[in-house]
Every structure is written in structure tokens, then in C-alpha cells.
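Below, all heavy atoms of this structure are taken into account, side chains as well, without hydrogens, waters or symmetry copies. Read the numbers this way: they start at 1 and go in the same order the structure lists the ligands and their atoms. Quick note: residue numbers are just sequence positions, from 1.
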Amino acid sequence: MNVLVVNAGSSSLKYQLFDTANNVVVAKGLCERIGINGESTIGAISHTNLLNKKEYKAELPMANHTVATKYVVDALLHAEYGCVKSMAEIEAVGHRIVHGGAYFSESVLLNDDVLAKLELCRDLAPLHTPAHIQGIQGCLEVMPDTPQVLVFDTAFHQTMAPEAYMYGISYDLYEKYALRRYGFHGTSHRYVAGEMLKILGKTEGTKIVTCHLGNGSSISAIKDGKVMDTTMGFTPLAGVLMGTRCGDMDPAVVPFIMSKENMTPDEVNAYLNKKCGLLGVSGVSSDCRDVTAAIEAGNERAKLAMNMLGYQIKKYIGSYTAAMGGLDAIVFTAGIGENTASIRELACQDLEYLGVEFDKEANNSVARPVKTTCLSKDGSRVKVYIIPTNEELVIASDTEKLVKTLQK
Ligand code: ADP
């Protein structure tokens, strides 16, 4: 089945056309600057046919996501750089949705009830939800007969028990605002945990820690194949230090900064999301590659930032091992998890007491392009793996599965 995987942001729309029968992405692209100047907006589309390697770039009027979706379909159908002959060959659309609140614990086929529930998630993800809804509306208008599926970043984490997802605030505010831990990157954690379970050869009784370390990072405790706990919270700001996000700290720091720096709630939120993390501590960059290069040039603050990240990951591995009552495997994935040996080493060193025998040599000589790679020594009781994530594959296969139920 050809599934169009859509990731709609406030002014962007990323897409991939996925051929599920052959497990390949046949085309991908990005529309940018959608609607930034209202009706007179000129946006940009860049599209690549990955089969014939033909590319197409254009600047076009792009007032909203509906217009952008129309360009995407035009590009996919184009005689030269397109990859399908008719609209009917785009058999389904799968949308990546950042926040499904407590309403969605799995992927769903779009209908009026689903759209109404997604509307209720606006407060939980005020930047993302309106963009997702626009992306969905765009597809509904341009491809009214094509079934659509929503795949949520939060869904996989819905198995957490209340003691894991509740905050120690008064219960009335939890009830009033649905203030609790939700967790994010669920599609990625689900994919790499599933791959790790295949390697372990069983699900029941397994205890895995999955580390999705990218620009945004989160770590999950996965017991019996289900999420027991995860580091991100009500928003993606919680957990370990990230590219530009601060991660966990004493909540009293927030009102302190607001009062001392004269910041509004929006300003402090932007500061904690955009100016902190690797960037804020190192003063160099949010990009792990730049921070690593700065360390090599002797920059002490860059070293501090990376040491903080490694230490925090290790702390979560330890606390999640305690929560699960044991550990069978640690998985690293996403940009940093797949590519940055020093962080993996910092996170796994001195964990022999847990049964982790980390193979430094294997860690320092991971082949490229990165594939699933074992980083623990033969006989290590706890397995350590890099497993490259593939969120689009999960979105495409969930979409296919649900759309096939319509065809029965
Ligand atoms: P996002 O959360 O934006 O999807 P990624 O998963 O792409 O982020 O991760 C981005 C991070 O991965 C950056 O800090 C980057 O430095 C790091 N990284 C390290 N090495 C590489 C590499 N070879 N290719 C891509 N990213 C890398």
C-alpha cells in the first residue's frame, strides 16, 4: 500500500510516500513558510523522488496547509519527478500527531469523533495541535476519498500507572487541566523496543530501557513490552538535558528566573525550551557534533554539557532498573543515540554491578550507515544495542493496518 506520511507543523508540512509492500520510502519532501504572511504568503516546496533521484524545488503562493497539500499531491503525480500515476495510488494518509492527551492509547482512523477529541488536545500542545488539524483539513479537502489515520507520539506511553504519571500537585488541578505526565517520542520508543524484543526473543518478563537521544531526548522504562515510565512529561521539556531544553530541575527555578529576569510565562517557556540544554550550558551549539568538536578543542563548558547529559542518562537507567526490578537491555536511538559514541559510553560506564558489560571497542567502531549494532560484550547479562529508529515505518504500517480493516 502507498501511504502518505504527513508531519504538519505550524508553518511546515513534511511528507514521505511509503510503499509498505516493499518497505521503502519512494518520495519525500517539505513545504515551508506556509501561511506566515497570511493570504500573500510565498512558501517553498522541495520534493525528491527517491526512485529516480529527481528533485523539484519551487516557490509558490502558500497561504495555508490546504494549498500546500495540493502542491504535495501535484508533485507526487508529476510526470517527471512524481512517483504515482493517479490520486487513487495514494491509498491512505498517516498523520504524525504530537499530543493525543489521555484520549488516544493507539493509532486511530480519522472520523468526526476523533477530530473532536483532537480539538480537546489544543491546550495540551498549543503550538502543534492547530498545525496538525490544519494538515488534516488540507488532506480532507484535497483527498476527500482517501482514508486518514492519526498516529500519536503520546499513545505508547498510555500504559503508565497513575503512580508514574501523576505529579505531586493538588488533585483538583490535575482534574481541572489534565496536568500529568504524558511522555513523547512514543512511536520511536515503540519501534526500537519492538525490535529489541525480537532480539531477546520474548516479551513477557522483559525489562528494557530505551534512550531516544536527538534534538529532543527521552528515556523510557519498558516492562513486558509496555511503557512503565518515561522522562518527558506534561510537555517535552522534562527529563534529560536536550539540544536547547533544560530538562529536569527544581520547579522553583521557574518563578525565580521570572522574577529576577522580569519574564512573562511565555518568555520563560521560550527560554527553557530554546536557550538552555546543550546550547545554554556549553555556550557553543545545540548540536552534539559542534559540542563534541568544541570539547576536542579544549572547551570546558562543552565538556560539562556532555558530561551532564551522560550522567543524567545513567541516572535514569539506574532508576528505571529499580522501578522495573531488573534490566535485560539498553537501547540507544535517534541522532545522538545512533551517532555519538562518547554519550553512550558515559551512560553505560560503571554499570557492571547491573550486569552491563559494555564493549568500548564496538562502541567506537560502529559501521556506517548505522544499522542495529550490539555494544555489549558476549555473555553480558544486559544487552546494549543501537537500533536506528524508524517512526515513518510505524506510521505507515499502523495506517495500512487500520485502512485494511475498512476494506474487509
Ligand atoms: P530531531 O530530534 O530533530 O529529530 P535528531 O534525532 O536528528 O533530532 O538528532 C539530532 C542530534 O543528533 C544533533 O545533536 C546531532 O549533532 C546529533 N548527531 C550526531 N551525529 C550525527 C550524525 N552523523 N548525523 C545526524 N545527527 C547526528
### Task
Report the nearest protein non-hydrogen atom to atom 2 (O) of ligand 1: residue, atom name, distance rounded to 0.1 Å.
Asn215 N, 3.1 Å

### Protein contact of atom 11 (C) of ligand 1 - nearest heavy atom, named by residue and atom, plus distance
Ile336 CG1, 3.7 Å

### Check: Val382 main-chain N/O paired with Ser380 side-chain donor or acceptor under 3.5 Å
yes

### Query
Any idea which protein heavy atom is nearest atom 20 (N) of ligand 1, and the distance to it?
Asn339 CB, 3.0 Å

### Query
Can you list the atoms of ligand 1 that are under 4.0 Å from a heavy atom of Thr340?
19 (C)

### Query
Is any side-chain heavy atom of Ile257 closer than 4.5 Å to a side-chain heavy atom of Tyr271?
yes

### Task
Report yes or no: does Asp153 contribute a side-chain atom to a donor-acceptor pair with the main-chain N or O of Gly186 at less than 3.5 Å?
no

### Message
Does this structure show an ion pair linking Glu345 with Lys360, if we count only N-O contacts that are shorter than 4.0 Å?
### Response
yes

### Query
Do the side chain of Thr230 and the main chain of Ile219 share a donor and acceptor less than 3.5 angstrom apart?
yes

### Query
Between Arg289 and ligand 1, does any nitrogen or oxygen pair lie at a separation below 3.5 Å?
yes

### Query
Are Arg289 and Asp287 ion-paired here, with the side-chain N under 4.0 Å from a carboxylate O?
yes

### Query
Should the ring pair His128 and His132 be called parallel, tilted or perpendicular, given that the plane angle runs from 0 to 90° and is split at 30 and 60?
parallel

### Message
Test your reading of the structure: does Leu213 have an N or O sitting under 3.5 Å from an N or O of ligand 1?
### Response
no

#### Entry: Contact with ligand 1 for Arg368, non-hydrogen, under 4.0 angstrom
yes

### Message
Checking contacts here: is it the side chain or the backbone of Asp290 that comes within 4.0 Å of ligand 1, counting heavy atoms only? Could be both or neither.
### Response
neither

### Summary
of all protein heavy atoms, closest to atom 14 (O) of ligand 1 is Cys288 N, 2.9 Å

### Ala334, any N or O under 3.5 Å of ligand 1 N or O
no

### Query
Nearest protein heavy-atom contact for atom 7 (O) of ligand 1: which residue, which atom, what distance?
Gly335 CA, 4.2 Å

### Task
Please indicate, with yes or no, if any protein heavy atom is found under 4.0 Å from atom 4 (O) of ligand 1?
no

### Query
Short N/O distance, under 3.5 Å, between Asp287 and ligand 1?
yes

### Ring centre gap for Phe152 and His99 strictly below 6.0 Å
no

### Arg245 side-chain N/O to Leu272 backbone N/O, donor-acceptor pair under 3.5 Å
no

#### Entry: Per-atom contacts, ligand 1 versus Gly216 - under 4.0 Å to a heavy atom
2 (O)

